[in-house]
> 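Sharing a structure below in structure tokens format, with a few things to ask.
Lettering of chains follows the sequences in order, A, B, ..., and the numbering in each one begins at 1.
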2 protein chains.
Amino acid sequence: MTPRADPLTVEVVGLIGTVVARYYEEYEQAATEHSLTGAQARVLSLLSVEPLPMRKIAQRLKCEPSNITGIVDRLESRGLVERRPDPADRRVKLAAPTEEGASLAQALRTSLDFAREPLGRLTAAERTLLKELLQKMLGVAPE
Amino acid sequence: MTPRADPLTVEVVGLIGTVVARYYEEYEQAATEHSLTGAQARVLSLLSVEPLPMRKIAQRLKCEPSNITGIVDRLESRGLVERRPDPADRRVKLAAPTEEGASLAQALRTSLDFAREPLGRLTAAERTLLKELLQKMLGVAPE
DNA sequence: TATTGTTATACTCTATAACTATA
DNA sequence: TATAGTTATAGAGTATAACAATA
């Protein structure tokens, strides 16, 4: 019983597509301004929250673990990330941002103005309403 | 005067990020199910609306025109797209979907259930509200 | 035996620059 | 001379398969 071709749903889907396209463009642009590819920026942002095993990074990015080797290699060669041994399991390598990597991740977050600039057009009440609608749409428990 | 670190805005930005990630995953998955890459699916979808000169495709995808040559080559070698001369300008080649390409584009649209399935969780009134909020956020004229 | 990370390979996407054929 | 499309090239992301080290 999902809504199909009704004009309202089609229009909302189109709007969401526009949001997605704009978000992606701005993300890529922000990454490029910091001399990172999109994939590198995503990995660095992920690691700036907490160091992760290579395997976990692949799971978060939904790609094969073998790809992560190259991405982390490039970040490491720029001194933004380092590989640490995991004391609990010698097979595991934990990727962690260096100080420079952490501050670059911070700068990246700051320049990600998307949704902050457009959200400026909404009042606080409207933002709250949007939050609730997106939560319901995504099936996220409000609290 | 854009809202910065207030918790509400941060939360909405996070939700939009989730929507974007989910949309992209589902788009890539739908493309893969039809043995297309994401880029090929985007080009084919674009052409299914109307045939376009190579140059225009690049503008729409925001990439260099030289990339389009290869993408259209691959679609053409699978019989999904053809290059037609433009009667008005012999430099121009119009890329257009074949019958098979058009029906594949249609199938792709149908399997893009994102936003249709999640939107099913919203009532018609809520979808209208979401539409209006997104329009205001994107600076789109309501009509 | 199973798992972690890596290597090797092949394909696609990407930007840049140089080329061709038209305009 | 300018523009449309292409080719050539190099770098990056991707999946697959096979490998070494460790569990």
Side-chain angles (χ1 to χ4, degrees), chain A residues 21 24-47 51-78 80-96, chain B residues 21 24-47 51-78 80-96:
Chain A
Y24 244 75
E25 281 164 37
E26 298 209 8
Y27 195 93
E28 290 291 322
Q29 186 187 324
T32 300
E33 282 165 7
H34 294 283
S35 302
L36 294 172
T37 65
Q40 288 165 12
R42 277 185 286 279
V43 168
L44 184 59
S45 298
L46 213 53
L47 299 181
L52 291 172
M54 307 295 282
R55 213 83 183 178
K56 283 280 182 192
I57 302 174
Q59 285 166 5
R60 297 287 183 83
L61 262 66
K62 295 188 199 305
C63 71
E64 293 302 314
S66 59
N67 300 327
I68 305 302
T69 300
I71 297 172
V72 169
D73 279 351
R74 278 160 225 131
L75 289 171
E76 195 169 31
S77 72
R78 283 188 52 194
L80 300 174
V81 157
E82 62 182 11
R83 276 179 246 236
R84 302 177 187 158
D86 182 340
D89 186 337
R90 288 193 301 171
R91 291 174 303 182
V92 173
K93 290 177 189 168
L94 292 170
Chain B
Y24 244 74
E25 282 164 34
E26 297 207 9
Y27 195 93
E28 290 293 320
Q29 185 187 325
T32 301
E33 281 165 8
H34 294 284
S35 302
L36 295 172
T37 65
Q40 287 164 14
R42 277 185 285 280
V43 169
L44 184 59
S45 299
L46 212 54
L47 299 181
L52 291 173
M54 307 296 280
R55 213 83 185 178
K56 283 279 182 195
I57 302 174
Q59 285 165 4
R60 297 287 183 86
L61 262 64
K62 297 185 199 303
C63 72
E64 294 302 313
S66 60
N67 300 327
I68 305 304
T69 300
I71 296 171
V72 169
D73 280 350
R74 280 160 224 130
L75 288 170
E76 193 168 34
S77 72
R78 283 186 53 193
L80 300 174
V81 157
E82 62 183 12
R83 276 180 247 235
R84 301 178 187 156
D86 181 341
D89 186 337
R90 287 193 302 169
R91 292 173 303 180
V92 172
K93 290 177 190 168
L94 292 169

> If each of A:A88 and A:C63 is mapped to the nucleotide of DNA chain D with the nearest heavy atom, which maps nearer the 5' terminus, i.e. the 5' end?
A:C63
> Closest to the B:P65 side chain: C:dT14, D:dT6, C:dG5?
D:dT6
> For B:T69, which contact category applies under a 4.0 Å heavy-atom criterion: base, sugar-phosphate, or nothing?
base
> Over how many whole Å does the gap from A:D73 atom CG to C:dT7 atom P extend?
7 Å
> Give the rounded distance in Å between these two atoms: CE of B:M54 and C1' of C:dT22.
16 Å
> Consider the side chain of B:I71, meaning its heavy atoms from C-beta on, and name the nucleotide among C:dT14, C:dA15, D:dT14 that approaches it most closely.
C:dT14
> For A:I57 and C:dT4, give me the distance from atom CD1 to atom P, rounded to whole Å.
13 Å
> Is a side-chain N or O of B:R60 found less than 3.5 angstrom from the main chain of B:L52, in a donor-acceptor match?
no
> What integer distance in Å separates B:K56:NZ from D:dG5:C1'?
15 Å
> What nucleic acid atoms does B:R83 come within less than 4.0 Å of, heavy atoms only: base, sugar-phosphate, or nothing?
sugar-phosphate
> Atom CZ of B:R74 to atom P of D:dT6: distance rounded to whole Å?
12 Å
> CD of B:E64 to CD of B:Q59: how many Å apart, nearest 0.5 Å?
11.0 Å
> Let me confirm one number: the CD1-OG1 distance from B:I71 to B:T37, rounded to the nearest 0.5 Å.
6.5 Å
> Where do A:L46 and A:L61 land on the side-chain contact (heavy atoms from CB on, under 4.5 Å) test, with the steps shown first?
CA-CA 9 Å; A:L46 213 53; A:L61 262 66; 3.7 Å; yes
> Starting at atom CD1 of A:I68, determine the distance to atom P of C:dT7, rounded to an integer number of angstrom.
14 Å
> Check every atom of C:dA23, C:dT4, D:dA12 against the side chain of A:V92 and return the nucleotide holding the closest atom.
C:dT4
> How many angstroms lie between CD in B:Q29 and NZ in A:K62, if you round to the nearest 0.5 Å?
10.0 Å
> Identify which nucleotide among C:dA23, D:dT22, D:dT14 has an atom closest to any side-chain atom of B:R90, counting heavy atoms from C-beta outward.
C:dA23
> Between C:dT6, D:dG5, C:dC13, which nucleotide gets closest to the side-chain atoms of A:K93?
C:dT6
> Base, sugar-phosphate or nothing for B:S66? Non-hydrogen atoms, less than 4.0 Å.
base
> Identify, between A:N67 and A:R91, the residue whose nearest nucleotide on DNA chain C lies closer to the 5' end.
A:R91
> Is it the case that the side chain of B:R78 and the backbone of B:S35 share a donor-acceptor pair, with hydrogens and angles ignored and the cut-off at 3.5 Å?
yes
> Whole Å only: how far is the CD atom of A:E64 from the P atom of C:dT4?
13 Å
> Base, sugar-phosphate or nothing for A:R55? Non-hydrogen atoms, less than 4.0 Å.
base
> From CG of A:L52 over to C1' of C:dT4, roughly how many Å is that when rounded to an integer?
15 Å
> Taking the minimum atom-to-atom distance to the side chain of A:Q40, which one of D:dA21, C:dT12, D:dA12 wins?
D:dA12
> What's the closest nucleotide to the side chain of A:D89 if the choices are D:dT22, D:dG5, C:dT12?
D:dT22
